[in-house]
Amino acid sequence: MKEQDKLLFVKNLTKIFTIGSLLFKTKIYAVNNVSFEIEAGKPEIFTLAGESGSGKSTLARMLLGLIKPTFGTIQYKGKDISKINSQKEWLLFSKEVQPIFQNPFETFSPLNKVEDYLYDTAKNYNIILKTADKSIFLKDYLNIFGLSYDEIKGRYPHELSGGQLQRLSIARALITNPSLLIADEPVSMIDASLRMSIVNLFKELKDKFGVNVIYITHDLATAYYISDRIAIMLRGNIVEMGPVEKVLGSPLHPYTKLLQQSIPEPTLESRWDEEIKLSTMEEKEFTMIGCKFAGRCPEVKDICIKEEPKEFLIDERIVKCHLYSSPLVKV
Amino acid sequence: MINKNYLIRVENLKAYYFTNLYGIKRLIKAVDGVSFEIHNNEILGIAGESGCGKTTLLKVLLGIIKPPLSVFEGKVYYLINHEEKDIFSLSENEFRKLRWKIVSYIPQGSMSVLNPIRKIKDTFKDFMKAHVQEMISEDDFENLLIEHLESLGLPLEVLNSYPHQLSGGMRQRVTIALSTLFRPRIIFADEPTTALDVVVQRGVLQLLKRIQKEHKNTIVIVSHDMGIHAHTSDRIAIMYAGKIIEVASTRDIFSNPLHPYTKYLINSLPKIGDKSFKSSIPGTPPFLANPPSGCRFHERCSEVMSICKESVPELKDTGNGHKAACFLVEGGRS
């Protein structure tokens with residue numbers, strides 16, 4: 001398969017931030033050598049999961065073209081997005097790839113009515129004529145998402161609930177008819193009782209409209225529920241990537257195992273008994289030479305501290321761990 | 001004879017926010033008729049969505065009642081040295097003596113507790129000066145701190161660090177260490193793990209559980225996450241729209257939830273290994289300035305009856321301390 005047949009093609013993507021003063025500089029690999037792809041014509045929900053500081057939001061911002069990578073390429077429909085330099089091309093790209101942010105109260109301006117926000121987006125992207133009637137457009141458009149125009153007519157963001165606003169911000173992102181949505185923690189601010197309605201909406205978008213979704217989250221339970229594939233990130237690296245049933249169902253990387261066991265499942269069967277080790281200094285983990293998990297890993301070996309692990313293809317997924325380097329290891 | 005196995009007893013508490021903005025008067029009934037007991041030696045979970053009044057309830061229990069919040073009705077009793085005390089009759093100065101030593105508090109955002117321009121050690125000292133009248137010498141205090149941190153399994157380097165040098169999980173654990181320094185009888189934790197990742201969250205809850213086991217005191221954890229309660233709480237109180245609608249042991253809540261809202265809360269959560277369709281509770285939580293009549297959940301309830309719209313169900317014991325406020329539990333149309 002050629003690169004042109006892929007919707008999104010990410011290869012060796014790296015972002016380095018330098019911190020400290022002139023004399024004591026530390027390089028932080030916020031995203032380190034990340035590669036993945038999303039195929040065209042086969043809509044899927046791809047989850048990027050990890051703890052805070054794993055680089056998932058930095059990765060999202062690079063995919064949206066908001067910050068430039070230090071190395072590596074991002075190709076969208078065969079076109080390198082770092083080579084976009086005209087306003088016209090940028091408009092075309094941003095029409096195709098739309099973001100959804102974490103806090104719906106920050107997405108909308110508190111001084112504007114929410115309906116204007118949707119209407120203006122449609123006008124700015126030339127989806128409707130400048131003279132088009134607002135209420136007719138919004139009535140038809142919101143109906144697709146099971147929202148009623150009467151519910152939001154003349155309302156300001158503070159008059160709506162977080163769940164309603166997040167639905168609206170998803171509706172707004174879809175005005176341009178994008179092929180890819182990048183949703184950064186879209187449900188973490190939503191109440192437990194309304195969370196599933198947002199998550200189900202993503203599923204519906206994929207099935208009905210063929211929209212691809214990159215779902216960025218630390219909530220592994222909803223990730224399992226909606227995604228097809230998942231990539232687990234740790235300190236800038238993808239440590240395990242593959243079908244979600246495999247990765248979360250029977251994890252291979254010790255870090256994925258720890259994550260999976262730490263999900264507070266709402267059942268009584270699996271109450272935690274063993275105690276776990278936490279990282280004390282985040283900075284240290286970033287600057288470790290070998291595997292970034294070596295300091296906390298229960299199965300750590302000498303090689304883990306000295307050498308960065310390679311990626312191995314095992315059981316339909318990619319695992320970046322020294323445990324799987326020898327062919328003698330049984331999986 | 002009063003049952004003396006409790007630590008705090010709440011009687012028909014009504015705490016409202018009264019706002020008067022540009023001539024528009026509003027009464028927000030954040031806690032509306034709540035009665036329950038907090039026992040000795042237990043972890044009590046208070047669950048509910050945002051805006052259900054759980055943080056307001058906590059504020060009142062801690063005696064932090066400042067306008068626009070005011071208590072309209074009801075009583076809160078603390079049991080201190082086998083003596084029942086009405087906390088609304090205590091003066092601010094008397095209450096100050098209870099805080100930190102008898103009652104303590106772990107807030108949501110640890111960054112707003114720790115002074116950003118002082119080392120952790122100095123922050124601890126500042127708290128000391130504000131709360132402890134009888135002076136302890138510098139050395140004694142440092143020994144006490146070191147002993148306490150070691151018993152909680154925290155690295156001693158944190159004492160000489162500034163808050164920004166610590167990770168979110170470590171800051172939260174330092175805050176927990178701070179609030180438990182004097183072995184308080186009861187600790188209130190308001191969403192202690194909301195901003196944390198799953199692994200760190202587990203570590204923080206693990207620490208809380210260990211403290212409870214060792215000190216044999218009481219911890220009240222407020223969280224919207226039923227998963228957290230399943231793993232840490234001994235008993236759970238479910239709040240909805242300013243009222244407690246169900247209280248029971250964690251086992252009973254999960255194996256035999258009685259109130260339709262509790263059932264929804266548990267069943268709407270996705271689990272690993274289960275991809276079956278999960279739906280949200282229909283509708284949205286009510287606005288508490290103008291709550292619905294009768295049972296406050298009736299607009300969203302799938303098993304609603306005509307009585308639910310007219311009268312308010314009482315929190316009734318169904319046996320074994322499992323209480324629920326629902327007409328279905330009382331055997332339908334009474």
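What you see is a predicted model; the values in this text were computed from it and never measured. FYI, side chains are in, hydrogens and waters are out, and symmetry mates aren't considered; it's all heavy atoms of this structure. First the proteins, then the strands, lettered A, B, ... as listed; each starts at 1.
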Under the side-chain contact (heavy atoms from CB on, under 4.5 Å) criterion, do B/Val198 and A/Leu259 qualify, and how do the steps go? CA-CA 7 Å; B/Val198 281; A/Leu259 269 186; 3.5 Å; yes
Audit row: B/Thr250, B/Ser233, side-chain contact (heavy atoms from CB on, under 4.5 Å) steps and yes/no: CA-CA 7 Å; B/Thr250 305; B/Ser233 305; 3.9 Å; yes
For A/Gln261, is it the side chain, the backbone, both or neither that has a heavy atom under 4.5 Å from a heavy atom of chain B? both
Side chain, backbone, both or neither: which part of B/Leu154 has a non-hydrogen atom closer than 4.5 Å to chain A? neither
Hey, what do you get for CG (B/Leu265) to CD (B/Glu49), rounding to the nearest 0.5 Å? 6.5 Å
Between B/Ser276 and chain A, with a heavy-atom cut-off of 4.5 Å, which part of the residue counts as in contact: side chain, backbone, both or neither? backbone
Chain B contact residues among residues 212-220 of chain A, heavy-atom distance under 4.5 Å: A/His218, A/Leu220
What I want to find out is whether A/Arg235 reaches A/Glu51 closely enough, with some N-O distance under 4.0 Å, to be called a salt bridge. no
So for B/Asp225, is it side chain, backbone, both, or neither that comes closer than 4.5 Å to the heavy atoms of chain A? side chain
If you count heavy-atom pairs under 4.5 Å between each of B/Met226, B/Arg251, B/Lys271, B/Lys209 and chain A, which one has the most? B/Lys271
Counting only heavy atoms closer than 4.5 Å, note whether A/Ser227 contacts chain B via side chain, backbone, both or neither. backbone
If you apply the rule side-chain contact (heavy atoms from CB on, under 4.5 Å), what do you find for B/Gln172 with B/Leu207, and how did you get there? CA-CA 11 Å; B/Gln172 194 63 15; B/Leu207 178 67; over 6 Å; no
State which residues pass side-chain hydrogen bond (donor to acceptor under 3.5 Å, both in side chains) with B/Tyr17; sequence neighbours excluded, sorted by chain then number. B/Thr56
Lys/Arg-Asp/Glu bridge criterion (N-O < 4.0 Å) met for A/Glu240, A/Lys320: no
Check each atom of A/Val199 against the heavy atoms of chain B and say whether the ones under 4.5 Å are side chain, backbone, both or neither. neither
So for B/Phe277, is it side chain, backbone, both, or neither that comes closer than 4.5 Å to the heavy atoms of chain A? both
May I ask you to say whether B/Lys54 pairs ionically with B/Asp190, meaning some side-chain N is under 4.0 Å from a carboxylate O? no
Pick from B/Gln165, B/Lys121, B/Lys119: which one makes a side chain to side chain donor-acceptor pair (under 3.5 Å) with B/Asn160? B/Lys121
Top residue by heavy-atom pair count (under 4.5 Å) with chain A, among B/Gly273, B/Ser255, B/Gly153? B/Gly273
Between B/His231 and A/Glu265, is a side chain to side chain donor-acceptor pair (under 3.5 Å) present by the stated rule, with each step listed? CA-CA 8 Å; B/His231 284 271; A/Glu265 294 247 284; over 6 Å; no
